[in-house]
K.L.:
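Let me begin by handing over the structure; questions about it come next.
These numbers were taken from a predicted model, which means no experiment stands behind them. The residues of the chain are indexed from 1 along the displayed sequence.
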Amino acid sequence: MALMITDECINCDVCEPECPNDAIYMGEEIYEIDPHKCTECVGHFDEPQCVQICPVACIPVNPAHQESRETLWQKFERLNAQKAAREQAAREQAAQAEGAAAPTPPSAS
Ligand code: SF4
Ligand code: SF4
């Protein structure tokens with residue numbers, strides 16, 4: 001199940017940096033959770049980190065996103081694969097930029 005943040009949120013900012021999936025973001029008025037990124041911390045921690053740290057206990061299960069542990073695990077694996085692909089692309093881009101900036105060696109003749 002993905003979690004959600006209710007309007008009891010006091011925008012204290014402490015949960016956002018704790019999320020291992022970058023699923024928490026500032027919405028129009030309060031923080032929100034992207035259900036496509038929230039794995040309930042499955043794959044990273046035993047307990048949802050945002051729930052552990054929230055001072056006003058305003059992070060329940062999102063009833064619109066009921067998922068089994070297996071589905072959450074698959075989501076974790078998909079997110080991980082996407083992150084690895086992004087990091088690989090960034091590395092390749094950096095290597096290309098470095099190659100373009102490197103001076104041309106003088107010719108032997
Ligand atoms: Fe992020 Fe875990 Fe909270 Fe979901 S339960 S929003 S993955 S910290
Ligand atoms: Fe809102 Fe709780 Fe997150 Fe603080 S920890 S920003 S109160 S959801």
Side-chain angles (χ1 to χ4, degrees):
M1 291 163 276
L3 303 187
M4 61 180 280
I5 294 173
T6 71
D7 58 11
E8 288 165 80
C9 170
I10 56 170
N11 289 341
C12 73
D13 303 332
V14 300
C15 60
E16 191 261 341
E18 297 300 320
C19 178
N21 294 325
D22 296 330
I24 302 175
Y25 61 95
M26 188 63 198
E28 278 185 23
E29 291 182 6
I30 55 170
Y31 277 89
E32 296 180 18
I33 293 176
D34 181 347
H36 302 293
K37 290 185 173 177
C38 175
T39 62
E40 224 179 299
C41 283
V42 166
H44 295 282
F45 301 101
D46 291 338
E47 299 290 336
Q49 298 299 287
C50 55
V51 174
Q52 299 278 307
I53 206 166
C54 180
V56 294
C58 67
I59 312 181
V61 166
N62 187 335
H65 292 274
Q66 305 261 355
E67 296 157 297
S68 68
R69 196 171 171 84
E70 193 185 343
T71 306
L72 290 170
W73 185 261
Q74 286 165 356
K75 194 194 293 189
F76 160 71
E77 290 186 320
R78 191 174 62 245
L79 289 169
N80 252 8
Q82 288 169 350
K83 188 176 173 196
R86 274 198 307 274
E87 286 172 355
Q88 177 66 19
R91 271 196 300 274
E92 284 171 10
Q93 223 171 11
Q96 269 177 6
E98 228 169 76
T104 312
S107 70
S109 60

K.L.:
Heavy atoms, side chains only, cut-off 4.5 Å: are Q52 and F45 in contact?
P.N.:
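No - every pair of side-chain heavy atoms lies 4.5 Å or more apart.
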K.L.:
Got a donor-acceptor contact below 3.5 angstrom from the N11 side chain to the E29 backbone?
P.N.:
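Such a contact is found between N11 side chain and E29 backbone.
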K.L.:
If you define the side chain from C-beta out and look only at heavy atoms, does anything of C58 sit under 4.5 Å from C9?
P.N.:
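Counting from C-beta outward, C58 and C9 do come under 4.5 Å.
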K.L.:
Can you confirm whether M4 sits close enough to I59 that some side-chain heavy atom of one is under 4.5 Å from a side-chain heavy atom of the other?
P.N.:
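Of all side-chain heavy-atom pairs linking I59 with M4, none is under 4.5 Å.
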K.L.:
Show your reasoning for whether side-chain contact (heavy atoms from CB on, under 4.5 Å) applies to C50 and L3.
P.N.:
CA-CA 9 Å; C50 55; L3 303 187; 4.0 Å; yes
K.L.:
So how far is it from I53 CD1 to C15 SG, rounded to the nearest 0.5 Å?
P.N.:
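It is 8.0 Å, given to the nearest 0.5 Å.
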K.L.:
In the single-linkage hydrophobic clustering (I, L, V, M, F, W, Y; side-chain heavy atoms under 4.5 Å), do I5 and I10 co-cluster?
P.N.:
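No, no single cluster joins them.
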K.L.:
Quick one: does any side-chain atom of K75 pair with a main-chain N or O of C38 as donor and acceptor, under 3.5 Å?
P.N.:
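Yes; judged by distance alone, with no hydrogens or angles, the pair exists.
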K.L.:
Might you work through the side-chain contact (heavy atoms from CB on, under 4.5 Å) test for W73 and T39, ending with a clear yes or no?
P.N.:
CA-CA 7 Å; W73 185 261; T39 62; over 6 Å; no
K.L.:
Classify the side-chain pair Q96/E92 by whether it contains a donor and acceptor separated by less than 3.5 Å.
P.N.:
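The criterion, which ignores hydrogens and geometry beyond distance, is not satisfied for E92 and Q96.
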K.L.:
Quick one: closest heavy-atom pair of S68 and T71, and the distance?
P.N.:
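That would be OG-OG1, 2.9 Å.
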K.L.:
Determine whether E32 and Y25 make a side-chain contact, defined as any pair of heavy atoms from C-beta on separated by less than 4.5 Å.
P.N.:
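Sidechains of Y25 and E32: in contact.
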K.L.:
I need the R91 CZ to Q88 CD distance, nearest 0.5 Å.
P.N.:
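Those atoms lie 4.5 Å apart.
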K.L.:
Drop me the distance from E8's CD to C54's SG, to the nearest 0.5 angstrom.
P.N.:
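Separation between the atoms: 9.0 Å.
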K.L.:
Tell me whether F76 shares a hydrophobic cluster with L72, the cluster being built from Ile, Leu, Val, Met, Phe, Trp, Tyr side chains joined at under 4.5 Å.
P.N.:
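Yes, one cluster joins them.
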K.L.:
Going from CG on D13 to CD on E18, what distance comes out if it is rounded to the nearest 0.5 angstrom?
P.N.:
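D13 atom CG to E18 atom CD measures 12.0 Å (nearest 0.5 Å).
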K.L.:
Quick one, V14 and P55 - any side-chain contact, counting heavy atoms below 4.5 Å?
P.N.:
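Sidechains of P55 and V14: in contact.
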K.L.:
What I'd like to find out is whether the side chain of N21 reaches to under 4.5 Å of the side chain of D34, using heavy atoms alone.
P.N.:
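Of all side-chain heavy-atom pairs linking D34 with N21, none is under 4.5 Å.
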K.L.:
So for atom CD, which belongs to Q93, do other residues, nucleotides or ligands contribute more than 12 heavy atoms lying within a distance under 6.0 Å?
P.N.:
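Atom CD in Q93 is not packed in, count stays at 12 or less.
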K.L.:
Do other residues, nucleotides or ligands put more than 12 heavy atoms under 6.0 Å from Q66 CD?
P.N.:
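Yes, because the 6.0 Å sphere around CD of Q66 holds more than 12 heavy atoms from other groups.
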